[in-house]
Every structure is written in structure tokens, then in C-alpha cells.
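Have a look at the structure below before the remarks.
All chains are named by letter (A, B, ...) in the order of the sequence lines, taking the proteins before the strands, and each is independently numbered beginning at 1. Any value given below was found using the heavy atoms of this structure, including those in side chains, with hydrogens, waters and symmetry copies removed.
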Amino acid sequence: MNEYKLTFWQMKKEKITKAIIITILIVITLPIILTYTWLVLASFSTDMKYGIIPVKLTLHNWRFLWKSIEGYPPIWQVFFNTLILALSVMGLEVFATILGGYALSRFKFRMRETLLKIVLVIHAFPSISLLVAIYYILKITGLIDTLTGVILLKASLEIPWGIWIMKGFYDQIPWEVEFAGLVDGYSRVQVWRKVILPLVKPGIAVAGIFSFLSGWSEFVFINTFILSQNTWTLSTYVKAIIGDFRFVDYGLLTSISLFYIIPTIIFFIFANKYLLRVNITGTKG
Amino acid sequence: MVSIRVENLKKYFRKVKAVDDISFEVKNGEFMALLGPSGCGKTTTLLTLAGIYKPTSGKIFFGDYLVNDVQPRDRNIGMVFQSYALYPHMSVYDNISFPLKAKGSKKREFHDRVVNIVEKLGIGHLLDRKPSEISGGQQQRVALARALIKEPQIFLLDEPLSNLDARLRVMMRAEIKKLQNDLRITTVYVTHDQVEALTMADRIAVFSNGKIMQIGDPEEIYNRPQNIFVAQFIGNPPMNFVEAEIKEVEGITFAVSKNLKIRIDDTLKPYLKNLNSPNVIVGIRPEDIKIYKNKELNRDLTEGILYVIEPLGRDEIYNVKVGESLLKVITEEKLKIGVGERVYCEFDAKKVHIFDRESEISIRR
Ligand SMILES: Nc1ncnc2c1ncn2[C@@H]1O[C@H](COP(=O)(O)OP(=O)(O)OP(=O)(O)O)[C@@H](O)[C@H]1O
Ligand SMILES: [Mg+2]
């Protein structure tokens, strides 16, 4: 009897804890969900009654998709600029981190520890403090006002962190698996490609996703180093619309903001599977 | 098939002397066990043979070829790792055929071979599974299959049975021995389990601290240990050791300590000249001691007190306290003696081992 009671209360307790956790999660996410719902509704309606109730359905706010807004570059050009920026940063970072992470995980060389520490410290600096120095570098190399410049810049700032992440994933693969590949008749490079790389796929996904997103949402460097409209990206576009000296078109702003986050959402839906299997040091299981 | 010759091999990791100047030979088709406690350099030796570690110094020959600078992939070896090291992302089939793909073979060429070997090892029904979806014993067979599939000239095994439960271990012991016997591949087998080494190997090299303490066939290692390390490492329960002094009493030579007196057999006497001083350590295996309930006449008996009995089913281990030291005696006879009672021990004089106390080396070197 006593025992039964005990388990009964335990179950009850578990249920209560669960309920509390769910409530907290709802409370935390509610503002976010509400904000986005409002954004979606507002973008498809002419006006919002009392600021919250949509009045009349319209596609007017989404007109930027098929005709350019006066004074702004065509949206698709801006979109592709952003895409090129994000994909290039992602490509560069994945390429550099799968190699660098392997080297830092597997090779014992002098200054290895120091290098690892420096990499962390570098990442800790807010990149905004580097603006002036970077400006001169870009100026000298002739990369100012080019997308290439920003891509290289962004990638080089992201890569150290990515290497750390990848190193964690490589660290989890036992040496013996690598040895087995060598004994089985492969060269070290072949073993890396056929055995090790497939095993750090989740790490590649993490590095890829985060670098894509950081490229996609990049604002500071674009805003600082890119002047001409045909190299604008979506973040500058949004900023320009907000900061327009004429009056602000809130409808347009909402729809463009939504347009801006759609790829992010799509990316997360695809990457979800990997992200959930990952903790910061590597794969589970 | 090929022989292996190792000459003055050293492998240091910075200051750690993992392998410290060892030399040995494995004959064509021979089954050699490297036996020793944890951390004595067995794995390091094996990985150096495989070409994964470069020797700090020394030479390794396969047949007549010096292979020091030959890459692992060109050494034509099959290896089973302690953790099996299967490729987690590949199916059992892909794991086993991975070495064949290295040579550019196509599936239709090697498929029969894979089927053949998995049938032999009884893992034919697992081909589509991932390593994480099969049991430890099955993983071990997959690792064996992967090592054997390319018909290597040398077979290296690193404690392949240590992750298995006791029953499976005994079974696989016989299976591996049979496999090696059928294929006659030159084999180096690393283990810390003396029973494995004694039951499976043609010859055993006993390791300690990166050095080889003795090489010999199981009979030699067991019956003529060259030093105290080998004597105490081999045999279960372990050999009894007593500090003693060689003395001659009325023309008969004895090893004498405070509480016991062991006669030295005539066959051992010629070796006594190898001693630098009369101070020795006498070793005697538990099965070479007889135990009596009553004091019998005309026998050299040592008196002791029964301390505890460990029944082993067929045998029993009697722990006898003689003075300060505890002797283990193993016998099939079931004596009706209670703990705390007086017993009498007789040492088989022909089976006594004598070691120099200083150098710890056997007089029968
Ligand atoms: N890669 C390495 N770097 C530094 N030290 C090492 C390395 N590999 C082995 N050692 C050291 O060398 C010694 C021998 O190691 P080894 O792995 O050969 O032992 P072992 O006989 O295989 O032991 P076990 O039975 O535990 O597997 C140990 O002291 C170990 O710490
Ligand atoms: Mg080992």
C-alpha cells in the first residue's frame, strides 16, 4: 500500500514537473510565435485594425517580388547576392574546417596548444573592433566594395570557431579506426576521405549550417564596406527600407522581413535532424 | 606466408620507453603470443610490426625484406584490434569487403569470397547490419573476417578476445586456433591472459616494461621460467615463493629458511654454481606440493596451519600458513581437514625453481 502511494506520488510529481516545463517553454516562445504570426498577417493585409486585426487581404506588400521598388535595386539581384555570400562563406568554412580540424585533432606539432588557445581568443574579439584595420586591408587589396572582400572577411572570422567544433568531432573518432583503414590497404588521405569524413558528417553539417546563417544574416561588414547598390544583400536592403528618409512603408517592411527569414527556416527544417543529434563536442552514441 | 624477424627494436614516446630493445623471430606459419601485463608494450610492438608506428631504432624483416620504411598498406597484413575498430558507418558486408576495394576489385569479383568467409565464421545473416546493431562476439567475427579476407601473409591480433564474456572467450579461443592451424598464416597474437597464450600459441614471448623476459614454447615457459617475473606471471594460482639460503647439511643440499627446508634434487645441483651468493628465492608451483593430514615417516615434511580452502569444483586450493608465508597448494584430492588444523606439506624436489635473490634470474638459465 505504502509502496503504491510512493510511486503514485512520484508519478504525480513527474507529471507536474512536465507541466511546469511545458508552461515555461510556452511562455518563453509565445512572444516569438505571436510576433511572427503578426508579421505574416500584417504582410498580407492592407491595414491592421487596432494594430492587431487584419483588415483586407492583399498582395500589395509583396509587390517587390515582381517589380522593383523605386530607388532600390531589384530584389532578386539582392537575394542572389545574399545567397552567394552565404554559400561562399559556408563553402570556404567547411573546406577549411574539415582540414584544419583534422590537423589539430590528429597531428602533434609544436605550438599546437598555443595555436588552439589563440584560435579561441581571436574568436572572442568582437569583429566590430576590427573595422578600421579591415578597412585598410580591403583598401590595399582592392577588395573594398566587393562581395568577395566580405566573403573572405566573414569566412576568415568564422573559420577559427569552426575548426574548434570540427576538432571536437574528430577527437571522438578512435585512432584504431584510422589504423584499421591503413592496414586495410589505404593511404592516410584515402582513409580520411572514406572512413573519417563520413564519421564527422554531423560536424560538417553544424559548421555548414552556422556559417551559412552567419553569412546570410551578415550586416555590419556589408553595411560598412559595400556602397554600390548592385552588391547589396538582404540585410542592407531591409536596413535601407527601415532607414528611408521618406516615410516608412510598414507593409513592405513586414513582407521583406518575412522574405528574408524564409531561407533560414527552410535551412533549419533540413538541418534539424543533424542539429538534434549533436552536442557541442561531437555526436552522441 | 612469411617469417618475421625483429632486431633490437625500440619505440619511445618521448621519454616513455614503450618498447625497449627487443629481438625475436616468428617462423613461417607459426603462432606467436606476446604475453604481458597492461602497459608493457605489446600493442606498441604490434603496431610497429603493422607499420603504423615507426621504430625509434631497430629493424623489422618480413622474410628477407627490411620493411622499416614500407607503408602499412603495402605490408599485406591482416589485423584485429582490441576494440575491433569496425567502420561504424558501413554495413558488415562493406566492412569485410573494404580491404578488397582498396585493390580496386569490383563487387562481382569479390562477392563469392565474402560469402565464403562469412559462412565459415557464421555471420552470414548479419551482412546488412551496422556494427552497432550486432553483439560483441559477432563484431569480433566481423573483425576477423575483415582481417582474413585479403588472405594476408601475416596476421596480427591485439587481445581479440578480451571484450567477450568468459564462455564465448573459451569458444573463440579454440576457433581462432583452428583457423590459424588451417590457414597456417604467420600469426602474432597479443594477450595479457596467460591461459590464452598457453593454450593457443606455438611459442610465447613474455613482456615486462617494454622488454622480453623470455621466449619459448608453452611447456618451456611453464616448466622452466627464466626469471621470477615469468615464474610469477605464468600459472594460476601463481607460484609460491620463499626466500631461502642454500646450505649443505650432512652432504645433502637444502634450501633453508626460518620455517622450512627444501631438499635440492640432484638434477638441480650442477646449476648451483651459477649463484653468486647462497641467498636465493625458491619457487614452487601449487600443484607440486603435496599435502598430508598426518606426519608420515621417511618424508621431508614441512609443518603448517591450514588457513583457508578455496574449492574450484574439480580441484581445491589449500592455503597453508608456514611461519609468515602463505603457501597455495592445489590438489584433486579432497582432504578432510578443517581450517586452523595442522597439516604437512611435501615439496616435489624435482619441480623446485631456484632464483638468484639479487638478479631474480633462474639458476637454470
Ligand atoms: N601513442 C602513445 N603516446 C605516448 N605513450 C604511449 C602511446 N602508446 C603507448 N604509450 C605508452 O607506452 C606504454 C606501452 O603501451 P602499450 O599500449 O603498448 O601497452 P600494452 O602492453 O598494449 O598494454 P594493454 O595490455 O593495456 O593494452 C604505456 O606506458 C603507454 O602509456
Ligand atoms: Mg594493448
Margin query: Does A:Y36 have more than 12 heavy atoms from other residues, nucleotides or ligands lying within 6.0 Å of its OH?
Written below: no
Notebook entry, point to check: Does CG belonging to B:D182 count more than 12 external heavy atoms closer than 6.0 Å?
Noted result: yes
Next item on the list: Check B:I52 against A:V183 and note the closest heavy-atom contact, atom names and distance.
Entry: CD1-CG2, 3.8 Å
Next item on the list: State whether the number of non-hydrogen atoms from other residues, nucleotides or ligands found under 6.0 Å of B:K54 atom NZ is greater than 12.
Entry: yes
Check: What part of B:I149 gets closer than 4.5 Å to chain A, counting heavy atoms only: side chain, backbone, both or neither?
Finding: neither
Check: Taking the side chain as C-beta and beyond, is there a heavy-atom pair between B:K101 and A:Y186 under 4.5 Å?
Finding: yes
Margin query: What's the separation between atom CZ in B:F13 and atom NZ in A:K108, rounded to the nearest 0.5 Å?
Written below: 11.5 Å
Check: Are any non-hydrogen side-chain atoms of A:D184 and B:R146 less than 4.5 angstrom apart?
Finding: yes
Margin query: With a sphere of 6.0 Å drawn around CG of B:N163, does it hold more than 12 non-hydrogen atoms of other residues, nucleotides or ligands?
Written below: yes
Notebook entry, point to check: Is the count of non-hydrogen atoms from other residues, nucleotides or ligands lying under 6.0 Å from B:D74 atom CG greater than 12?
Noted result: yes
Notebook entry, point to check: What are the two closest non-hydrogen atoms of A:A180 and B:A85, and how far apart are they?
Noted result: CB-O, 3.8 Å
Check: Between B:R73 and A:S187, is any pair of side-chain heavy atoms under 4.5 Å apart?
Finding: yes
Next item on the list: Go through B:K150, B:Q71, B:M79 and name the one with the most non-hydrogen pairs under 4.5 angstrom from chain A.
Entry: B:K150
Item checked: Beyond-backbone contact of A:V195 with B:H89, side-chain heavy atoms, under 4.5 angstrom -> yes
Item checked: Proximal component of A:K194, with respect to chain B [non-hydrogen, under 4.5 Å] -> both
